[in-house]
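So the structure is just underneath, and the comments pick up after that.
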Number of protein chains: 2
Amino acid sequence: MMGPMPEDHVSAAPEPTTAPPSVAFAVSALGFQVGRQLAEGLRPLGIEPRHFGLLRALAISEGQTQRALGQTLNLHPNRMVALVDDLENLGLLERRRHPADRRAHALALTPTGRGVLQQAFEVAVSVENALCAGLEHAERTELLGLLGKLRHQDPTRPGVHPGLYGPPTSE
Amino acid sequence: MMGPMPEDHVSAAPEPTTAPPSVAFAVSALGFQVGRQLAEGLRPLGIEPRHFGLLRALAISEGQTQRALGQTLNLHPNRMVALVDDLENLGLLERRRHPADRRAHALALTPTGRGVLQQAFEVAVSVENALCAGLEHAERTELLGLLGKLRHQDPTRPGVHPGLYGPPTSE
DNA sequence: TATTGTTATACTCTATAACTATA
DNA sequence: TATAGTTATAGAGTATAACAATA
């Protein structure tokens with residue numbers, strides 16, 4: 001990875017102490033900000049972005065085992081335990097008996113969990129709208145199109161965000 | 001924070017299990033990817049993104065005290081110690097005597113440090129170009145313009161990225 | 001023997017607060 | 001008394017590997 005790369009859009013040797021305007025930098029700083037805002041918005045719901053990601057993935061297909069869900073989210077079985085514990089303690093999901101395998105759990109959202117997921121989506125929408133408040137509707141469409149043309153390193157399942165599962169952001 | 005927000009661009013209640021195309025999500029996922037790529041690219045130089053950030057800030061005005069530099073980067077004095085230790089051990093900067101205050105250090109880049117910073121900028125340019133490889137020049141300009149219109153929560157000094165100083169990204 | 005979920009352990013990173021030497 | 005830098009300590013998070021139950 002990180003071998004020779006095409007260097008056409010930006011000159012190769014900028015002023016050493018100065019950074020040219022950079023899509024990478026903008027996207028990185030904005031992405032961090034968005035993550036913080038999402039975490040803040042979810043706090044009243046008692047969950048963190050990683051829980052949101054798990055609930056969302058579970059809602060897409062219920063009855064999955066922890067392992068299956070963990071593979072979808074690229075999470076080690078290990079880390080799934082605490083995450084599922086959290087959500088079960090909050091009453092947002094249940095570990096039910098798996099019909100075919102008595103070792104495994106069949107994960108299922110509770111009605112409360114479905115409600116919280118709904119609210120979490122609304123938080124996400126708020127973050128989106130706050131972020132895009134300075135854009136006309138057409139500009140936002142245009143921006144989405146351009147972002148879609150950026151090279152994604154990890155064309156995994158859509159909706160899977162590798163950075164969503166770290167520790168809660170401090171500061 | 002996170003109070004009432006305008007909700008015009010996106011309907012407030014999407015399908016609960018499905019996410020509409022979102023600038024926030026795209027920017028967040030791409031930002032995380034960019035961070036990983038930068039870390040990978042810097043590894044051969046023996047530094048991490050946070051060291052890059054510190055070197056860059058130091059290059060802008062040398063002779064600063066650790067505290068002053070830490071304030072620029074929003075880093076507690078505490079965390080500066082290990083960071084400056086790293087860079088001093090690598091021979092990239094020096095703690096010199098402060099002319100006016102014998103408690104403080106005057107931080108200065110070494111020639112090696114200047115060289116490594118230069119190489120780090122080249123890595124950053126590589127990441128930028130890889131990211132934007134699918135864009136025409138005009139599209140990239142357009143994208144930069146649109147990103148600039150997104151609402152920045154933290155209009156601090158330009159070039160300061162709050163998420164740059166966490167632990168090195170695993171996975 | 002392999003696999004699911006769990007636990008144990010060591011390790012890293014962080015934050016708070018002490019500490020020292022200057023001011 | 002306050003400040004610059006440092007160190008100590010405790011806490012949170014992660015990863016690796018062991019473990020029990022089941023396949």
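Chain A is the first sequence line, chain B the second, and so forth, proteins listed ahead of strands; every chain is numbered from 1.
Between L83(A) atom CG and dT7(C) atom C1' the separation is 17 Å, expressed in whole Å. If you measure from atom NE2 of H76(A) to atom P of dT7(C), you get 19 Å, rounded to the nearest angstrom. We find that CG of L69(A) is positioned 14 Å from C1' of dG5(C), with the value rounded to whole Å. Separating the CD atom of Q66(A) from the P atom of dA21(D) is a distance of 17 Å, rounded to the nearest angstrom. L75(A) has its CG atom 16 Å from the P atom of dT4(C), to the nearest Å. Atom CG in D85(A) sits about 14 Å away from atom P in dG13(D), given to the nearest Å. If you take CZ of R79(B) and C1' of dT6(D), they are 16 Å apart, rounded to a whole angstrom. Between the C1' atom of dG5(D) and the CG atom of L107(B) lies a distance of 11 Å, rounded to the nearest Å.
Within the 3.5 Å criterion, the main-chain N or O of R95(A) finds a donor-acceptor partner in the side chain of E88(A). Using a distance-only test at 3.5 Å, with no hydrogens or angles considered, a donor-acceptor pair links the side chain of T110(A) to the main chain of G91(A).
Distance from the side chain of T65(A) is smallest to dG5(C) among dT6(C), dG5(D), dG5(C). The A104(B) side chain lies nearest to dG5(D) when the options are dG5(D), dG13(D), dT22(C). Each of dA4(D), dT6(D), dG5(C) was ranked by its minimum atom distance to the side chain of D101(B); first place goes to dA4(D).
The closest side-chain heavy-atom distance from Q66(A) to V81(A) is below 4.5 Å.
At least one side-chain nitrogen or oxygen of R95(A) sits closer than 4.0 Å to the OP1 or OP2 atom of dT6(C).
Looking at R103(B), its side chain comes within 3.5 Å of the base of dT3(D) through a donor and an acceptor atom.
Residue contacts for H105(B): at a heavy-atom cut-off of 4.0 Å it reaches the sugar-phosphate backbone alone, with no base atom in range. When heavy atoms are screened at a 4.0 angstrom cut-off, R102(A) is found touching the sugar-phosphate backbone but no base atom.
Residues N78(B) and V81(A) both approach DNA chain C. Their nearest nucleotides, taken by heavy-atom distance, put V81(A) toward the 5′ side.
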Next item on the list: Before giving the answer on salt bridge (Lys or Arg N to Asp or Glu O under 4.0 Å), spell out for K149(A) and E136(B) the whole-Å C-alpha distance, their side-chain angles and the decisive distance to 0.1 Å.
Entry: CA-CA 10 Å; K149(A) 292 177 92 166; E136(B) 305 292 338; over 6 Å; no

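Taking the charged nitrogens against the carboxylate oxygens, R114(B) and E62(B) do have a contact shorter than 4.0 Å, which makes a salt bridge.
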